[in-house]
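A short write-up of the structure that comes next.
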Amino acid sequence: MACLTQHRFENAKYKNWLKTTMSLQLLRSSLEDFLENETETFHSRLRSKLEERVCESRPPCDSRGCGPQRTKAPQMCAACTDWKNEILSNHSSGKGIIYWNNCKPHLWSSQKWEVAKVYMPRGNKNHNNVKQFDISAILNFMKFCSHFKPMVKSDILDKVTNVRNQMMHSVDMKVPTEDMLEHQNKILELIQQLQAHVQLPELAMVEKEIKELQEMEFNIVFGELELSSGIRSEGNVCGPEFLHTLLNAQKVQDLEQQVLKEKIEFLASRLEEDGDLLASHEELCAMKAFLDQNKDLLEQLRPQVAKLDFIEKKVEQHDQQLSILAVKLDSLEKKTDETQYSAETVRFKNHLLELAQKNRWPTPIFHEIREPKGFKGVVVVNGQRFTGVLVHSKTKSAHQEVARLALESLPQQPCPEDQSSGPTPMDLVQSETTSSTTAPVFFSSVTVVLNTEVTLSEEDCGQGNAVEAIYKKLAVMFGLEVSAAGKYATYARITIK
(Lines give C-alpha, C1' and ligand atoms only; values in the text may rest on other atoms or scores of the structure.)
Protein backbone atom coordinates (compact mmCIF):
# COMPACT_ATOMS: atom_id res chain seq x y z
CA MET A 1 0.00 0.00 0.00
CA ALA A 2 2.91 2.34 0.74
CA CYS A 3 3.95 2.52 -2.90
CA LEU A 4 0.48 2.70 -4.40
CA THR A 5 -0.70 5.95 -5.95
CA GLN A 6 -4.48 6.26 -5.91
CA HIS A 7 -5.27 8.51 -8.86
CA ARG A 8 -8.99 8.55 -8.09
CA PHE A 9 -8.34 10.95 -5.20
CA GLU A 10 -7.05 13.49 -7.69
CA ASN A 11 -10.55 13.82 -9.22
CA ALA A 12 -12.60 16.43 -7.34
CA LYS A 13 -15.98 15.17 -8.61
CA TYR A 14 -15.22 11.59 -7.56
CA LYS A 15 -14.29 12.85 -4.10
CA ASN A 16 -17.62 14.72 -3.98
CA TRP A 17 -19.47 11.51 -4.88
CA LEU A 18 -17.49 9.73 -2.19
CA LYS A 19 -18.27 12.38 0.43
CA THR A 20 -21.99 12.16 -0.33
CA THR A 21 -22.12 8.36 -0.16
CA MET A 22 -19.97 8.41 2.99
CA SER A 23 -22.44 10.82 4.57
CA LEU A 24 -25.21 8.31 3.86
CA GLN A 25 -23.09 5.54 5.38
CA LEU A 26 -22.44 7.60 8.50
CA LEU A 27 -26.17 8.31 8.81
CA ARG A 28 -27.01 4.61 8.47
CA SER A 29 -24.49 3.62 11.15
CA SER A 30 -25.74 6.28 13.57
CA LEU A 31 -29.32 4.95 13.31
CA GLU A 32 -28.56 1.31 14.17
CA ASP A 33 -29.23 1.45 17.95
CA PHE A 34 -32.21 3.74 17.45
CA LEU A 35 -33.80 1.36 14.92
CA GLU A 36 -33.05 -1.71 17.04
CA ASN A 37 -34.93 -0.22 19.99
CA GLU A 38 -37.82 1.31 18.06
CA THR A 39 -38.41 -1.83 16.00
CA GLU A 40 -38.52 -3.90 19.19
CA THR A 41 -41.06 -1.47 20.68
CA PHE A 42 -43.23 -1.61 17.56
CA HIS A 43 -43.06 -5.42 17.40
CA SER A 44 -43.96 -5.78 21.09
CA ARG A 45 -47.03 -3.62 20.55
CA LEU A 46 -48.16 -5.84 17.65
CA ARG A 47 -47.60 -9.03 19.67
CA SER A 48 -49.64 -7.67 22.54
CA LYS A 49 -52.51 -6.59 20.29
CA LEU A 50 -52.59 -9.97 18.53
CA GLU A 51 -52.35 -11.83 21.85
CA GLU A 52 -49.13 -13.59 20.89
CA ARG A 53 -50.79 -15.53 18.07
CA VAL A 54 -48.44 -17.73 16.07
CA CYS A 55 -48.63 -19.46 12.70
CA GLU A 56 -51.08 -22.38 12.71
CA SER A 57 -50.18 -23.90 9.36
CA ARG A 58 -48.12 -27.04 8.76
CA PRO A 59 -45.99 -26.62 6.75
CA PRO A 60 -45.68 -23.02 7.99
CA CYS A 61 -46.87 -20.07 5.89
CA ASP A 62 -44.30 -18.64 3.51
CA SER A 63 -44.11 -16.15 0.65
CA ARG A 64 -44.70 -18.63 -2.15
CA GLY A 65 -47.57 -17.69 -4.41
CA CYS A 66 -46.92 -13.95 -4.31
CA GLY A 67 -46.83 -13.73 -8.13
CA PRO A 68 -44.06 -13.05 -10.66
CA GLN A 69 -43.69 -9.43 -9.45
CA ARG A 70 -43.62 -10.61 -5.80
CA THR A 71 -46.32 -8.07 -4.92
CA LYS A 72 -49.35 -10.33 -4.44
CA ALA A 73 -50.11 -11.33 -0.86
CA PRO A 74 -49.73 -15.12 -0.53
CA GLN A 75 -52.29 -17.46 1.02
CA MET A 76 -51.91 -17.66 4.83
CA CYS A 77 -53.47 -19.28 7.85
CA ALA A 78 -55.91 -17.33 10.05
CA ALA A 79 -53.21 -16.26 12.53
CA CYS A 80 -50.80 -15.02 9.86
CA THR A 81 -53.68 -13.26 8.09
CA ASP A 82 -54.39 -11.34 11.31
CA TRP A 83 -50.70 -10.41 11.49
CA LYS A 84 -50.79 -9.28 7.86
CA ASN A 85 -53.84 -7.11 8.43
CA GLU A 86 -52.32 -5.50 11.51
CA ILE A 87 -49.02 -4.84 9.71
CA LEU A 88 -50.91 -3.25 6.79
CA SER A 89 -52.98 -1.12 9.17
CA ASN A 90 -49.69 0.47 10.22
CA HIS A 91 -48.58 1.01 6.62
CA SER A 92 -48.79 4.68 5.64
CA SER A 93 -49.53 3.86 1.99
CA GLY A 94 -52.51 1.54 1.78
CA LYS A 95 -52.20 1.23 -2.01
CA GLY A 96 -48.40 1.12 -2.14
CA ILE A 97 -46.39 -1.77 -3.57
CA ILE A 98 -45.39 -4.40 -1.00
CA TYR A 99 -42.75 -6.99 -1.84
CA TRP A 100 -44.11 -9.98 0.07
CA ASN A 101 -41.20 -12.20 -0.88
CA ASN A 102 -39.03 -10.06 1.43
CA CYS A 103 -40.43 -11.80 4.51
CA LYS A 104 -41.50 -15.13 6.00
CA PRO A 105 -45.03 -14.77 7.44
CA HIS A 106 -44.66 -17.62 9.93
CA LEU A 107 -41.84 -15.67 11.63
CA TRP A 108 -43.78 -12.42 12.08
CA SER A 109 -44.78 -13.38 15.62
CA SER A 110 -41.21 -14.08 16.75
CA GLN A 111 -38.80 -11.94 14.69
CA LYS A 112 -39.23 -8.17 14.51
CA TRP A 113 -37.16 -7.71 11.35
CA GLU A 114 -39.44 -10.06 9.41
CA VAL A 115 -42.21 -7.55 10.17
CA ALA A 116 -39.98 -4.58 9.32
CA LYS A 117 -39.17 -6.05 5.88
CA VAL A 118 -42.81 -5.67 4.81
CA TYR A 119 -42.16 -1.91 4.73
CA MET A 120 -38.87 -2.19 2.82
CA PRO A 121 -38.04 -2.33 -0.91
CA ARG A 122 -37.22 -5.61 -2.63
CA GLY A 123 -33.84 -7.24 -2.19
CA ASN A 124 -33.97 -7.76 1.60
CA LYS A 125 -35.22 -11.35 1.67
CA ASN A 126 -32.10 -12.80 3.31
CA HIS A 127 -31.46 -9.96 5.77
CA ASN A 128 -32.39 -10.49 9.41
CA ASN A 129 -30.50 -7.94 11.53
CA VAL A 130 -30.07 -4.19 11.49
CA LYS A 131 -26.47 -4.23 10.22
CA GLN A 132 -27.50 -5.98 7.00
CA PHE A 133 -29.97 -3.34 5.81
CA ASP A 134 -28.70 -0.51 3.60
CA ILE A 135 -29.79 3.10 3.97
CA SER A 136 -32.52 2.66 1.34
CA ALA A 137 -34.19 -0.13 3.35
CA ILE A 138 -33.95 1.92 6.56
CA LEU A 139 -35.39 5.08 5.00
CA ASN A 140 -38.30 3.15 3.46
CA PHE A 141 -39.03 1.42 6.77
CA MET A 142 -39.16 4.79 8.56
CA LYS A 143 -41.33 6.33 5.85
CA PHE A 144 -43.97 3.62 5.47
CA CYS A 145 -44.24 2.38 9.07
CA SER A 146 -46.61 4.65 11.02
CA HIS A 147 -44.60 4.03 14.21
CA PHE A 148 -42.02 6.60 13.01
CA LYS A 149 -44.54 9.21 11.84
CA PRO A 150 -44.33 11.35 15.05
CA MET A 151 -40.52 11.41 14.80
CA VAL A 152 -39.79 12.45 11.23
CA LYS A 153 -41.65 13.84 8.21
CA SER A 154 -41.96 11.68 5.11
CA ASP A 155 -40.90 14.48 2.74
CA ILE A 156 -37.37 14.71 4.19
CA LEU A 157 -37.12 10.90 4.08
CA ASP A 158 -38.04 11.11 0.38
CA LYS A 159 -35.35 13.73 -0.20
CA VAL A 160 -32.61 11.62 1.38
CA THR A 161 -33.86 8.52 -0.45
CA ASN A 162 -33.55 10.45 -3.70
CA VAL A 163 -29.97 11.39 -2.79
CA ARG A 164 -29.17 7.73 -2.24
CA ASN A 165 -30.76 6.71 -5.56
CA GLN A 166 -28.81 9.34 -7.48
CA MET A 167 -25.55 8.12 -5.96
CA MET A 168 -26.25 4.44 -6.60
CA HIS A 169 -27.38 5.08 -10.19
CA SER A 170 -24.46 7.36 -11.01
CA VAL A 171 -22.54 5.70 -13.85
CA ASP A 172 -19.31 7.68 -13.57
CA MET A 173 -19.53 8.24 -9.77
CA LYS A 174 -18.92 11.96 -10.07
CA VAL A 175 -20.81 14.84 -8.44
CA PRO A 176 -20.31 18.63 -8.78
CA THR A 177 -19.47 20.46 -5.56
CA GLU A 178 -22.74 22.42 -5.40
CA ASP A 179 -24.74 19.19 -5.74
CA MET A 180 -22.69 17.51 -3.02
CA LEU A 181 -23.39 20.37 -0.59
CA GLU A 182 -27.09 20.24 -1.42
CA HIS A 183 -27.19 16.47 -0.85
CA GLN A 184 -25.36 16.70 2.46
CA ASN A 185 -27.65 19.48 3.69
CA LYS A 186 -30.65 17.21 3.10
CA ILE A 187 -28.98 14.51 5.22
CA LEU A 188 -28.24 17.06 7.95
CA GLU A 189 -31.88 18.22 7.85
CA LEU A 190 -33.03 14.64 8.52
CA ILE A 191 -30.61 14.36 11.45
CA GLN A 192 -31.88 17.62 12.94
CA GLN A 193 -35.51 16.49 12.67
CA LEU A 194 -34.72 13.28 14.51
CA GLN A 195 -32.76 15.11 17.19
CA ALA A 196 -35.83 17.24 17.93
CA HIS A 197 -37.75 14.10 18.98
CA VAL A 198 -35.18 11.60 20.23
CA GLN A 199 -31.98 12.06 22.20
CA LEU A 200 -29.25 10.18 20.36
CA PRO A 201 -25.57 11.02 21.01
CA GLU A 202 -24.73 9.20 17.75
CA LEU A 203 -26.71 11.72 15.72
CA ALA A 204 -24.83 14.67 17.21
CA MET A 205 -21.55 12.94 16.42
CA VAL A 206 -22.46 12.10 12.82
CA GLU A 207 -23.67 15.64 12.22
CA LYS A 208 -20.20 16.87 13.18
CA GLU A 209 -18.49 14.27 10.98
CA ILE A 210 -20.58 15.19 7.93
CA LYS A 211 -19.71 18.86 8.36
CA GLU A 212 -16.04 17.88 8.57
CA LEU A 213 -16.43 15.85 5.39
CA GLN A 214 -17.60 18.96 3.57
CA GLU A 215 -14.29 20.67 4.33
CA MET A 216 -11.96 17.69 3.96
CA GLU A 217 -9.74 17.63 0.85
CA PHE A 218 -9.16 13.85 0.61
CA ASN A 219 -5.65 14.33 -0.81
CA ILE A 220 -4.71 10.73 -0.17
CA VAL A 221 -1.73 9.56 -2.21
CA PHE A 222 0.47 6.80 -0.86
CA GLY A 223 4.05 6.86 -2.02
CA GLU A 224 5.16 10.35 -1.24
CA LEU A 225 2.47 10.02 1.46
CA GLU A 226 0.27 13.06 0.96
CA LEU A 227 -2.72 12.58 3.28
CA SER A 228 -6.09 14.13 3.93
CA SER A 229 -4.84 16.79 6.36
CA GLY A 230 -2.56 18.27 3.71
CA ILE A 231 0.65 17.12 5.44
CA ARG A 232 3.28 16.04 2.94
CA SER A 233 6.23 13.89 3.93
CA GLU A 234 9.16 12.90 1.79
CA GLY A 235 11.41 11.54 4.46
CA ASN A 236 10.99 11.08 8.16
CA VAL A 237 7.42 10.29 9.17
CA CYS A 238 6.65 10.59 12.84
CA GLY A 239 4.71 12.48 15.48
CA PRO A 240 1.15 12.28 16.84
CA GLU A 241 -0.21 14.70 14.23
CA PHE A 242 0.91 12.42 11.41
CA LEU A 243 -0.48 9.34 13.17
CA HIS A 244 -3.83 11.07 13.59
CA THR A 245 -3.80 11.95 9.90
CA LEU A 246 -2.89 8.40 8.95
CA LEU A 247 -5.81 7.06 11.00
CA ASN A 248 -8.15 9.51 9.27
CA ALA A 249 -6.87 8.36 5.88
CA GLN A 250 -7.47 4.73 6.86
CA LYS A 251 -11.00 5.62 7.95
CA VAL A 252 -11.61 7.26 4.58
CA GLN A 253 -10.39 4.14 2.82
CA ASP A 254 -12.62 1.91 4.94
CA LEU A 255 -15.66 4.07 4.20
CA GLU A 256 -14.78 4.12 0.51
CA GLN A 257 -14.71 0.33 0.43
CA GLN A 258 -18.07 0.21 2.23
CA VAL A 259 -19.84 2.52 -0.21
CA LEU A 260 -18.34 0.78 -3.27
CA LYS A 261 -19.29 -2.57 -1.81
CA GLU A 262 -22.87 -1.30 -1.43
CA LYS A 263 -22.92 -0.02 -5.02
CA ILE A 264 -21.65 -3.34 -6.40
CA GLU A 265 -24.19 -5.26 -4.32
CA PHE A 266 -26.90 -2.86 -5.55
CA LEU A 267 -25.92 -3.59 -9.16
CA ALA A 268 -25.89 -7.33 -8.50
CA SER A 269 -29.27 -7.23 -6.76
CA ARG A 270 -30.89 -5.18 -9.52
CA LEU A 271 -29.45 -7.45 -12.20
CA GLU A 272 -30.67 -10.57 -10.38
CA GLU A 273 -34.15 -9.15 -9.70
CA ASP A 274 -34.78 -7.56 -13.11
CA GLY A 275 -32.74 -9.89 -15.29
CA ASP A 276 -32.21 -6.97 -17.70
CA LEU A 277 -28.56 -7.02 -18.75
CA LEU A 278 -29.09 -4.28 -21.32
CA ALA A 279 -30.38 -1.77 -18.75
CA SER A 280 -27.40 -2.37 -16.43
CA HIS A 281 -24.77 -2.73 -19.14
CA GLU A 282 -23.42 0.83 -18.98
CA GLU A 283 -23.08 0.82 -15.18
CA LEU A 284 -21.46 -2.63 -15.20
CA CYS A 285 -18.88 -1.58 -17.78
CA ALA A 286 -18.14 1.66 -15.93
CA MET A 287 -17.67 -0.14 -12.60
CA LYS A 288 -15.35 -2.76 -14.10
CA ALA A 289 -13.28 -0.09 -15.85
CA PHE A 290 -13.02 1.87 -12.58
CA LEU A 291 -11.85 -1.17 -10.63
CA ASP A 292 -9.33 -2.08 -13.35
CA GLN A 293 -7.79 1.36 -12.89
CA ASN A 294 -7.73 0.99 -9.08
CA LYS A 295 -6.25 -2.41 -8.34
CA ASP A 296 -6.20 -1.82 -4.57
CA LEU A 297 -9.99 -1.62 -4.55
CA LEU A 298 -10.33 -4.58 -6.91
CA GLU A 299 -8.36 -6.70 -4.46
CA GLN A 300 -10.43 -5.61 -1.48
CA LEU A 301 -13.77 -6.00 -3.27
CA ARG A 302 -12.99 -9.24 -5.09
CA PRO A 303 -15.79 -11.30 -3.42
CA GLN A 304 -18.43 -8.74 -4.45
CA VAL A 305 -17.03 -8.48 -7.98
CA ALA A 306 -17.01 -12.28 -8.29
CA LYS A 307 -20.69 -12.39 -7.28
CA LEU A 308 -21.49 -9.68 -9.82
CA ASP A 309 -19.68 -11.61 -12.58
CA PHE A 310 -21.53 -14.80 -11.65
CA ILE A 311 -24.95 -13.10 -11.84
CA GLU A 312 -24.00 -11.40 -15.10
CA LYS A 313 -23.07 -14.74 -16.68
CA LYS A 314 -26.30 -16.28 -15.38
CA VAL A 315 -28.35 -13.50 -16.97
CA GLU A 316 -26.42 -13.86 -20.24
CA GLN A 317 -27.17 -17.61 -20.30
CA HIS A 318 -30.82 -16.85 -19.59
CA ASP A 319 -30.88 -14.34 -22.47
CA GLN A 320 -29.34 -16.94 -24.79
CA GLN A 321 -32.02 -19.45 -23.81
CA LEU A 322 -34.69 -16.85 -24.47
CA SER A 323 -33.17 -16.17 -27.89
CA ILE A 324 -33.33 -19.88 -28.75
CA LEU A 325 -36.95 -20.02 -27.61
CA ALA A 326 -37.71 -16.89 -29.64
CA VAL A 327 -36.35 -18.56 -32.79
CA LYS A 328 -38.50 -21.63 -32.15
CA LEU A 329 -41.52 -19.46 -31.47
CA ASP A 330 -40.82 -17.51 -34.63
CA SER A 331 -40.95 -20.69 -36.70
CA LEU A 332 -44.27 -21.63 -35.10
CA GLU A 333 -45.74 -18.22 -35.89
CA LYS A 334 -44.79 -18.34 -39.57
CA LYS A 335 -48.31 -19.41 -40.52
CA THR A 336 -49.96 -16.61 -38.55
CA ASP A 337 -48.42 -13.29 -37.73
CA GLU A 338 -45.19 -13.51 -39.71
CA THR A 339 -46.92 -14.69 -42.91
CA GLN A 340 -49.50 -11.95 -42.69
CA TYR A 341 -46.89 -9.20 -42.59
CA SER A 342 -43.95 -10.69 -44.47
CA ALA A 343 -42.39 -8.40 -47.04
CA GLU A 344 -42.71 -11.09 -49.74
CA THR A 345 -46.52 -11.17 -49.48
CA VAL A 346 -47.64 -7.61 -48.78
CA ARG A 347 -45.39 -4.59 -48.97
CA PHE A 348 -47.25 -2.18 -46.66
CA LYS A 349 -44.03 -0.33 -45.89
CA ASN A 350 -43.31 0.25 -49.59
CA HIS A 351 -46.82 1.56 -50.19
CA LEU A 352 -46.52 3.95 -47.28
CA LEU A 353 -43.23 5.31 -48.64
CA GLU A 354 -44.81 5.70 -52.10
CA LEU A 355 -47.80 7.50 -50.60
CA ALA A 356 -45.53 9.93 -48.75
CA GLN A 357 -43.56 10.64 -51.93
CA LYS A 358 -46.76 11.17 -53.93
CA ASN A 359 -48.11 13.66 -51.39
CA ARG A 360 -44.70 15.34 -50.99
CA TRP A 361 -44.54 14.49 -47.28
CA PRO A 362 -41.28 13.95 -45.41
CA THR A 363 -40.00 10.39 -45.68
CA PRO A 364 -41.73 8.23 -43.01
CA ILE A 365 -39.39 7.32 -40.14
CA PHE A 366 -39.60 3.73 -38.86
CA HIS A 367 -38.21 2.40 -35.60
CA GLU A 368 -39.24 -0.15 -33.00
CA ILE A 369 -39.92 -0.50 -29.28
CA ARG A 370 -38.14 -3.39 -27.55
CA GLU A 371 -40.54 -5.66 -25.67
CA PRO A 372 -39.73 -8.72 -23.51
CA LYS A 373 -40.87 -11.05 -26.33
CA GLY A 374 -39.91 -9.04 -29.40
CA PHE A 375 -40.66 -5.70 -31.02
CA LYS A 376 -43.50 -3.28 -31.66
CA GLY A 377 -43.22 -1.10 -34.74
CA VAL A 378 -43.42 2.70 -34.68
CA VAL A 379 -43.66 5.05 -37.67
CA VAL A 380 -43.95 8.82 -37.95
CA VAL A 381 -45.78 9.92 -41.13
CA ASN A 382 -46.27 13.59 -41.94
CA GLY A 383 -46.06 14.52 -38.24
CA GLN A 384 -48.36 11.70 -37.09
CA ARG A 385 -47.05 8.87 -34.92
CA PHE A 386 -48.43 5.34 -35.24
CA THR A 387 -47.56 2.46 -32.89
CA GLY A 388 -48.09 -1.22 -33.65
CA VAL A 389 -50.39 -3.41 -31.58
CA LEU A 390 -48.76 -6.83 -31.92
CA VAL A 391 -45.35 -7.93 -30.64
CA HIS A 392 -43.21 -9.44 -33.42
CA SER A 393 -40.03 -11.47 -33.22
CA LYS A 394 -38.58 -9.55 -36.20
CA THR A 395 -38.33 -5.80 -36.74
CA LYS A 396 -39.28 -6.25 -40.42
CA SER A 397 -42.65 -7.71 -39.47
CA ALA A 398 -43.18 -5.02 -36.83
CA HIS A 399 -42.59 -2.34 -39.50
CA GLN A 400 -45.04 -4.03 -41.89
CA GLU A 401 -47.80 -4.09 -39.28
CA VAL A 402 -47.41 -0.45 -38.23
CA ALA A 403 -47.27 0.58 -41.91
CA ARG A 404 -50.59 -1.20 -42.44
CA LEU A 405 -52.09 0.64 -39.46
CA ALA A 406 -50.85 3.95 -40.86
CA LEU A 407 -52.31 3.21 -44.29
CA GLU A 408 -55.66 2.35 -42.72
CA SER A 409 -55.73 5.59 -40.75
CA LEU A 410 -54.43 7.98 -43.39
CA PRO A 411 -57.52 7.85 -45.70
CA GLN A 412 -59.47 9.39 -42.83
CA GLN A 413 -57.19 12.42 -42.89
CA PRO A 414 -57.68 15.42 -45.27
CA CYS A 415 -56.18 14.72 -48.72
CA PRO A 416 -54.85 17.16 -51.34
CA GLU A 417 -57.61 18.42 -53.72
CA ASP A 418 -56.00 17.00 -56.81
CA GLN A 419 -56.07 13.51 -55.25
CA SER A 420 -59.44 13.64 -53.50
CA SER A 421 -61.14 11.45 -56.10
CA GLY A 422 -58.25 9.03 -56.48
CA PRO A 423 -57.82 5.64 -54.84
CA THR A 424 -57.09 5.41 -51.12
CA PRO A 425 -53.76 4.00 -49.89
CA MET A 426 -55.39 0.70 -48.99
CA ASP A 427 -57.04 0.52 -52.47
CA LEU A 428 -53.53 0.64 -53.92
CA VAL A 429 -52.34 -2.06 -51.54
CA GLN A 430 -55.28 -4.32 -52.35
CA SER A 431 -54.73 -3.77 -56.10
CA GLU A 432 -51.08 -4.65 -55.73
CA THR A 433 -51.93 -7.66 -53.61
CA THR A 434 -54.33 -9.14 -56.16
CA SER A 435 -51.92 -8.62 -59.07
CA SER A 436 -48.74 -9.65 -57.25
CA THR A 437 -46.65 -12.09 -59.20
CA THR A 438 -45.96 -14.01 -56.03
CA ALA A 439 -49.67 -14.66 -55.45
CA PRO A 440 -51.17 -18.03 -56.59
CA VAL A 441 -52.47 -18.12 -60.22
CA PHE A 442 -55.80 -19.83 -61.01
CA PHE A 443 -57.50 -20.69 -64.37
CA SER A 444 -61.27 -20.81 -64.68
CA SER A 445 -64.03 -21.10 -67.28
CA VAL A 446 -67.32 -19.22 -67.60
CA THR A 447 -70.49 -20.55 -69.27
CA VAL A 448 -72.96 -17.93 -70.46
CA VAL A 449 -76.50 -19.21 -71.18
CA LEU A 450 -78.27 -16.70 -73.43
CA ASN A 451 -81.53 -18.67 -73.57
CA THR A 452 -82.28 -16.83 -76.86
CA GLU A 453 -83.53 -18.27 -80.14
CA VAL A 454 -81.82 -16.95 -83.29
CA THR A 455 -83.66 -16.95 -86.67
CA LEU A 456 -81.46 -16.99 -89.77
CA SER A 457 -82.36 -16.25 -93.37
CA GLU A 458 -82.22 -19.07 -95.90
CA GLU A 459 -78.96 -17.88 -97.42
CA ASP A 460 -77.30 -17.69 -93.94
CA CYS A 461 -78.44 -21.05 -92.69
CA GLY A 462 -75.87 -23.50 -91.54
CA GLN A 463 -74.17 -24.37 -88.23
CA GLY A 464 -71.26 -21.94 -88.68
CA ASN A 465 -73.51 -18.99 -89.34
CA ALA A 466 -75.72 -19.93 -86.41
CA VAL A 467 -72.72 -19.97 -84.02
CA GLU A 468 -71.50 -16.64 -85.41
CA ALA A 469 -74.94 -15.13 -84.87
CA ILE A 470 -74.92 -16.25 -81.25
CA TYR A 471 -71.46 -14.71 -80.67
CA LYS A 472 -72.61 -11.51 -82.38
CA LYS A 473 -75.44 -11.21 -79.87
CA LEU A 474 -73.00 -11.88 -76.99
CA ALA A 475 -70.51 -9.34 -78.38
CA VAL A 476 -73.22 -6.68 -78.54
CA MET A 477 -74.05 -7.34 -74.91
CA PHE A 478 -70.38 -6.73 -73.95
CA GLY A 479 -70.02 -3.75 -76.32
CA LEU A 480 -67.53 -5.53 -78.62
CA GLU A 481 -67.25 -4.65 -82.28
CA VAL A 482 -65.61 -6.18 -85.37
CA SER A 483 -64.13 -3.02 -86.81
CA ALA A 484 -60.58 -3.03 -88.15
CA ALA A 485 -59.81 -6.48 -86.94
CA GLY A 486 -59.35 -7.75 -90.48
CA LYS A 487 -61.41 -9.70 -92.94
CA TYR A 488 -60.92 -12.93 -91.02
CA ALA A 489 -62.17 -11.37 -87.81
CA THR A 490 -65.42 -12.79 -86.52
CA TYR A 491 -67.53 -12.12 -83.46
CA ALA A 492 -66.55 -15.53 -82.13
CA ARG A 493 -62.80 -14.70 -82.29
CA ILE A 494 -63.27 -11.22 -80.81
CA THR A 495 -65.49 -12.45 -77.97
CA ILE A 496 -63.23 -15.37 -76.97
CA LYS A 497 -60.12 -13.18 -77.09
Neighbour count above 12 (heavy atom, 6.0 Å) for Gln132 CD:
yes
Residues, nucleotides or ligands: over 12 heavy atoms within 6.0 Å of Lys104 NZ
yes
Derivation and outcome, side chain to side chain contact (heavy atoms under 4.5 Å, CB included), residues Leu139 and Leu190:
CA-CA 10 Å; Leu139 293 172; Leu190 172 58; 3.9 Å; yes
Between Trp113 and His43, is a side chain to side chain contact (heavy atoms under 4.5 Å, CB included) present by the stated rule, with each step listed?
CA-CA 9 Å; Trp113 291 111; His43 190 245; over 6 Å; no
Trace of the salt bridge (charged side-chain N to carboxylate O under 4.0 Å, His left out) decision for Lys153 with Asp155
CA-CA 6 Å; Lys153 295 180 179 178; Asp155 61 339; over 6 Å; no
Enter the distance from [X]:[atom1] to [Y]:[atom2] here, rounded to the nearest 0.5 Å.
X: His351; Y: Glu354; atom1: NE2; atom2: CD; result: 6.0 Å
X: Leu24; Y: Met167; atom1: CG; atom2: CE; result: 8.0 Å
X: Leu260; Y: Gln304; atom1: CG; atom2: CD; result: 10.0 Å
X: Lys143; Y: His91; atom1: NZ; atom2: NE2; result: 9.5 Å
X: Asn140; Y: Phe133; atom1: CG; atom2: CZ; result: 12.0 Å
X: Cys145; Y: Phe42; atom1: SG; atom2: CZ; result: 3.5 Å

Partners meeting salt bridge (charged side-chain N to carboxylate O under 4.0 Å, His left out) with [X] (sequence neighbours left out):
X: Arg302; result: Glu299
X: Arg360; result: none
X: Glu368; result: none

Asp292: which residues meet the side-chain contact (heavy atoms from CB on, under 4.5 Å) condition with it, sequence neighbours left out?
Lys295, Leu298
Do any side-chain atoms of residues 72-82 form donor-acceptor pairs under 3.5 angstrom with protein atoms, and if so which ones, sequence neighbours left out?
from	atom 1	to	atom 2	distance (Å)
Thr81	OG1	Cys77	O	2.8
Asp82	OD2	Arg53	NH1	2.2

Taking side chain as C-beta onward, heavy atoms only, is [X] less than 4.5 Å from [Y]?
X: Leu213; Y: Leu26; answer: yes
X: Trp108; Y: Leu46; answer: no
X: Thr363; Y: Leu353; answer: yes
X: Phe266; Y: His169; answer: yes

Show your working on side chain to side chain donor-acceptor pair (under 3.5 Å) between Ser63 and Asn101 and close with a plain yes or no.
CA-CA 5 Å; Ser63 58; Asn101 69 320; over 6 Å; no
Once side chain to side chain donor-acceptor pair (under 3.5 Å) is applied, do any residues pair with [X], and if so which ones, sequence neighbours excluded?
X: His367; result: none
X: Tyr14; result: Glu256
X: Asn124; result: His127

Measuring centre to centre across the rings, with the benzene-like ring taken for any Trp, is Phe148 within less than 6.0 Å of Phe141?
yes
Determine whether the aromatic ring centres of Phe375 and His399 lie less than 6.0 Å apart.
no
Please report the closest heavy-atom contact between [X] and [Y], naming both atoms and the distance.
X: Pro364; Y: Ala356; answer: CD-CB, 3.5 Å
X: Met173; Y: Trp17; answer: O-CB, 3.3 Å
X: Gly388; Y: Leu405; answer: CA-CD1, 3.8 Å
X: Met22; Y: Val259; answer: N-CG1, 4.0 Å
X: Met120; Y: Ala137; answer: CG-O, 3.6 Å
X: Ser57; Y: Pro59; answer: OG-O, 2.7 Å

N/O donor-acceptor pair under 3.5 Å between [X] side chain and [Y] backbone:
X: Asn129; Y: Lys131; value: yes
X: Ser89; Y: Glu86; value: yes
X: Ser29; Y: Gln25; value: yes
X: Tyr119; Y: Ile87; value: yes
X: Thr21; Y: Leu18; value: yes
X: Ser136; Y: Asn165; value: no
X: Arg122; Y: Thr71; value: no

Can you see whether Asn90 engages Ser146 through a side-chain donor-acceptor pair at a distance of less than 3.5 angstrom?
yes
Identified side chain to side chain donor-acceptor pair (under 3.5 Å) partner of Arg404 from the options Gln400, Glu408, Glu401
Glu408
Can you list every pair that meets salt bridge (charged side-chain N to carboxylate O under 4.0 Å, His left out) and has a residue in residues 258-267, with sequence neighbours left out?
Lys263-Glu283
Residue pairs meeting salt bridge (charged side-chain N to carboxylate O under 4.0 Å, His left out), one or both in residues 106-116, sequence neighbours left out, come to Glu36-Lys112, Glu40-Lys112, Glu114-Lys117
Can you list the residues that meet the ring-ring contact (aromatic ring centres under 6.0 Å, His included) rule with Trp100, with sequence neighbours excluded?
none
Stepwise salt bridge (charged side-chain N to carboxylate O under 4.0 Å, His left out) check, Arg164 with Asp134
CA-CA 10 Å; Arg164 179 264 179 193; Asp134 64 13; 3.6 Å; yes
Distance-only donor-acceptor pairs under 3.5 Å for side chains of residues 178-189, two or more places apart:
from	atom 1	to	atom 2	distance (Å)
Gln184	OE1	Gln214	NE2	3.3
Gln184	NE2	Ser23	OG	3.0
Asn185	ND2	Leu181	O	3.1

Could you walk me through whether Leu291 and Ile264 pass the side chain to side chain contact (heavy atoms under 4.5 Å, CB included) test, one step at a time?
CA-CA 11 Å; Leu291 292 175; Ile264 294 172; 4.1 Å; yes
List the steps, then state whether side chain to side chain contact (heavy atoms under 4.5 Å, CB included) holds for Phe366 with Leu352.
CA-CA 11 Å; Phe366 286 86; Leu352 188 59; 3.7 Å; yes
